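What's counted below: heavy atoms across the whole structure, side chains too, no hydrogens, waters or symmetry copies. Per chain, numbering begins at 1; letters A, B, ... match sequence-line order. It should be emphasised that the depicted structure is a prediction, and the values quoted were computed from it without experimental measurement.
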Amino acid sequence: MKEILTKNLNPSQSEAVLCTEGPLIIFAGAGTGKTRVITHRIAYLLSLGVKPWSILAVTFTNKAAAEMKKRVASLIPHSGADVWISTFHSFCAYFLRVEASKINLNPDFLIYDFADQKNVVKDCMKELNIDDKKFKISTITDKISRAKDDLKFPSDVAAEAERAGNFLGAATAKIYELYQKKLERAGVMDFGDLIMRAVSSLRKYPELLKHYREKYKYIMVDEYQDTNHAQYMLIKLMAGGHSNICVVGDDDQSVYSWRGADINNILDFEKDYPNAKSVKLEQNYRSTPKILSAATQVVKHNNARISKRLWTQNPDSESVSVLKALNENDEAEKIADLIYPNTYNNKYKLSDFAVFYRINAQSRAIEDAFRRFRIPYAIRGTLRFYDRAEIKDIMAYLKLIHNPNDNISFKRVINIPKRGIGKTSVETLEKFALLKNMSIRQAMPFAQEAGLNKGPIKALNSFAQLIKNFSGLKENNSVKSLAEKVIKDSGYLEELETENTPESKVKIENIQELISAIDDFERSSSNDKSLAGYLTQISLISDIDSLDESNGRVTLMTLHLAKGLEFDNVFICGLEEGLFPIGESAFNHKELEEERRLMYVGMTRARKRLHLCWSAERKIFGKTIWNMPSRFIAEAGFKDEFNETEYNQKQSLRSFNRKKAEIIRGDGGAPSDYEITKDEPLYASDRDSSPYKIGTLVLHPVFGNGKIVEKSGIGNDLKLVVLFENGQWKKLLARIAKLTLI
DNA sequence: TAGCCCGGCGTTTTT
DNA sequence: CGCCGGGCTA
């Protein structure tokens, strides 16, 4: 076995594979064969006689989990398939369901997605009389999700808000509390709950923790840089006994902090597990040296990173270039010009090209140009199959059949197709239900008492009968035939057929696709074929459109979605200050570094050619803007694109406008803590006269030489984050730490 | 109740 | 520039 491994792997790869005991961190640079290492490591463990069911490997996406499973199974045909490889969320969902009785939980819970969450928050705000113009629903949803990522209960959020005198936080806490009650009452969990509940259960029940520590003797985590605090804690708890924990990741590819990911989990791993071994994978097998060097140069501008030296043996060629355009249409046409197959004498297929952009709105100009040039393209990630309205409608019917008390699903389908039950009727009934502490479904028989009109009452009764009939069918019918009955008996299909528009035809096709997906699900032997089993699986697998759609097409997508993929030819477009780095991120150290990592991710997707595109003028959201080329172009080594003097002029203008905007915005209302933290670096750097600036080199009596990489607060409260030569990080209070400037 | 119009708003979104 | 949600009217 060892021989096979070493034959397949380079020295650092095999070093990582052979290190099986104790904590191990693998820094896997872009294109360095990360998946190969993980799968070989699992195979090696199995070859040592480790039982497959005592290995746990967690990833973030179903795609990654499936890929890993496949590769492990092909490396070790007999037992490879028995290794538990799954996403964090499906692992936790499984855990919670299996242990439900021990942790006082109803195992029949369903999972709410983002749209459901927003609906619940909306209901909560209405109920609490909180104006949704004052606090945006998405802001609150986000705050609640972040709180769960951080393992914070409503009381924690409330206490924090109180301490900081923060209105938004206080509102969030109140809403969060009610939100949680509603979720519990409906017997559902959101994504954050899955992880948080698993962690709190392991904490609360020591014997359970002990059991899992013994069960999974070897734990591996992929994309560790993307873990949030709750996920970090979950792993830390489970690995607590044996410490056979292996994490793989790349701090330079951490681009999801806005979703709760904490880059410090990877940066601090060696602090967390003091006897940890660290292996760096630095040989890149993907890109040309020029691409690799350009990408490295960019990311080198970041301070918050572990230093590494990527190299490659790949042959070089003229592989990175800058494309300057007059406006967004010109940019798109120039890209189209370069892609047009004749340009490359059919050297490449269309699927060898990808266009990345920072925001989805940029795709329009590119799509228009591609249509004019007749270049087939596929956009990835805009609207997922399970996010389509017609699919969500049918799913809501199924969810309601599973759980009649699911108010969100109830409200979704009560008047779809139209049956004469309008907004006011539903609202009145809901208020009544709330008053009587019932679900809306339970309140239906009391429609008259609630004060509804005759018409709606009649419609309501027949709707109640409809759902009752469906519920009666759920025991003796497959999910597929249940779904078929739903679309027929509800009149949903009929309404679409009568509509008979191109749109309605597509919807019908999608519904047919859903039915066949359900059929596939039921034919696959390993699944729990109950309605609940199906609904859970769907909530956790909202897989993006089938892969073959990108065959024979150029791929268009956001930079975030590009992570993990690779293409021969890559265009990164919209490389302009204000768009990429986006918005005000250039004024915030942390945000700028994340933008830079995103740039790094985009660049390292390219195998053969990389085009960096920027446009002097751009119309976005109906407004024309004139931007400077992105600093990232200069950082990649194309200095002539970037005029420093001009940039500085614009920057001071920007910060001036920004402050002006704040003054205008200042309505004396509640200060939002979001804005305060965002503003901090700008104010701090503008106002304070302290000698501590970001980038300043300092000497600490204990830790030695270091560099200031972050600062917050002013005066006595000035806090500095210093990265020391030994790679350690310290957060220091400037007035206490005895720092000398060097 | 349903359909229309107007105004506000717009970064990224693995589960 | 387009989308979505809220409010108004038939």
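The distance between atom CE of A/Met599 and atom C1' of B/dT12, rounded to the nearest whole Å, is 16 Å. Between the CG atom of A/Leu592 and the C1' atom of B/dT12 there is a distance of 15 Å, rounded to whole Å. Across the protein-nucleic acid pair, A/Ile625 atom CD1 and C/dC1 atom C1' stand 13 Å apart, rounded to whole Å. One interatomic measurement links the two molecules: CG of A/Asp222 to P of B/dT15, which rounds to 13 Å at whole-angstrom precision. Taking atom CG on A/Asp116 and atom C1' on B/dT13, their separation rounds to 16 Å, with Å as the unit. A/Lys458 places its NZ atom 16 Å from the C1' atom of B/dT1, with the value rounded to the nearest Å. Rounding to whole angstrom units, CG of residue A/Leu535 and P of B/dT15 are separated by 17 Å. Atom CZ in A/Phe60 sits about 17 Å away from atom P in B/dT13, given to the nearest Å.
For the pair A/Asn453 and A/His560, nearest-nucleotide mapping onto DNA chain B gives the more 5' position to A/Asn453. Both A/Thr424 and A/Ile582 lie near DNA chain B, and the one whose nearest nucleotide falls closer to the 5' end is A/Thr424. If you find the closest nucleotide of DNA chain C to A/Arg364 and to A/Lys122, the one lying nearer the 5' end belongs to A/Arg364.
Tested against A/Val601 for a side chain to side chain contact (heavy atoms under 4.5 Å, CB included), the candidates A/Arg597, A/Arg605, A/Met603 yield a single pass: A/Arg605.
When distances are taken from the side chain of A/Lys136 to each of B/dG10, B/dT12, B/dA2, the shortest belongs to B/dG10. The side chain of A/Phe621 lies closest to B/dG10, out of B/dT15, B/dG10, B/dT13. Comparing C/dC1, B/dT15, B/dG3 by their closest approach to the side chain of A/Thr87 singles out B/dT15. Relative to the side chain of A/Pro456, the nucleotides B/dT1, B/dT11, B/dT15 differ in distance, and B/dT1 lies closest.
Proximity of A/Glu593 to A/Arg305: side-chain heavy atoms (C-beta onward) are nowhere separated by under 4.5 Å. No side-chain heavy atom of A/Lys236 sits less than 4.5 Å from a side-chain heavy atom of A/Gln231. Taking 4.5 Å as the limit, every side-chain heavy atom of A/Glu595 sits out of range of all side-chain heavy atoms of A/Glu591.
For the pair A/Thr558 and B/dT11, the criterion of a side-chain N or O lying under 4.0 Å from OP1 or OP2 is not met. Close to B/dT13, at under 4.0 Å from its OP1 or OP2, lies a side-chain N or O of A/Asn360. Between B/dT1 and A/Asn415, no contact under 4.0 Å exists linking OP1 or OP2 to a side-chain N or O.
Within the 4.0 angstrom heavy-atom criterion, no nucleotide atom of any strand lies near A/Ser585. Among the protein residues, A/Lys418 comes within range of the sugar-phosphate backbone only, with heavy atoms under 4.0 Å from sugar or phosphate atoms but none that close to a base. Across all strands shown, A/Asp226 has heavy atoms under 4.0 Å from base atoms, whether or not it also approaches the sugar-phosphate. Counting non-hydrogen atoms under 4.0 angstrom, A/Gly422 reaches the backbone sugars and phosphates but no base.
Taking only distance into account, the side chain of A/Arg259 meets the base of B/dT15 through a donor-acceptor pair shorter than 3.5 Å.
Using a cut-off of 4.0 Å between Lys/Arg side-chain N and Asp/Glu carboxylate O, A/Lys126 and A/Glu427 are scored as salt-bridged. The residues A/Arg364 and A/Glu328 are annotated as not salt-bridged, no charged nitrogen and carboxylate oxygen being separated by less than 4.0 angstrom.
Where stacking is scored as ring centres under 5.5 Å apart with planes under 30°, A/Tyr256 does not register as stacked on the base of B/dT12.
Spacing of P atoms, B/dT13 relative to C/dC4, comes out at 16 Å, to the nearest Å.
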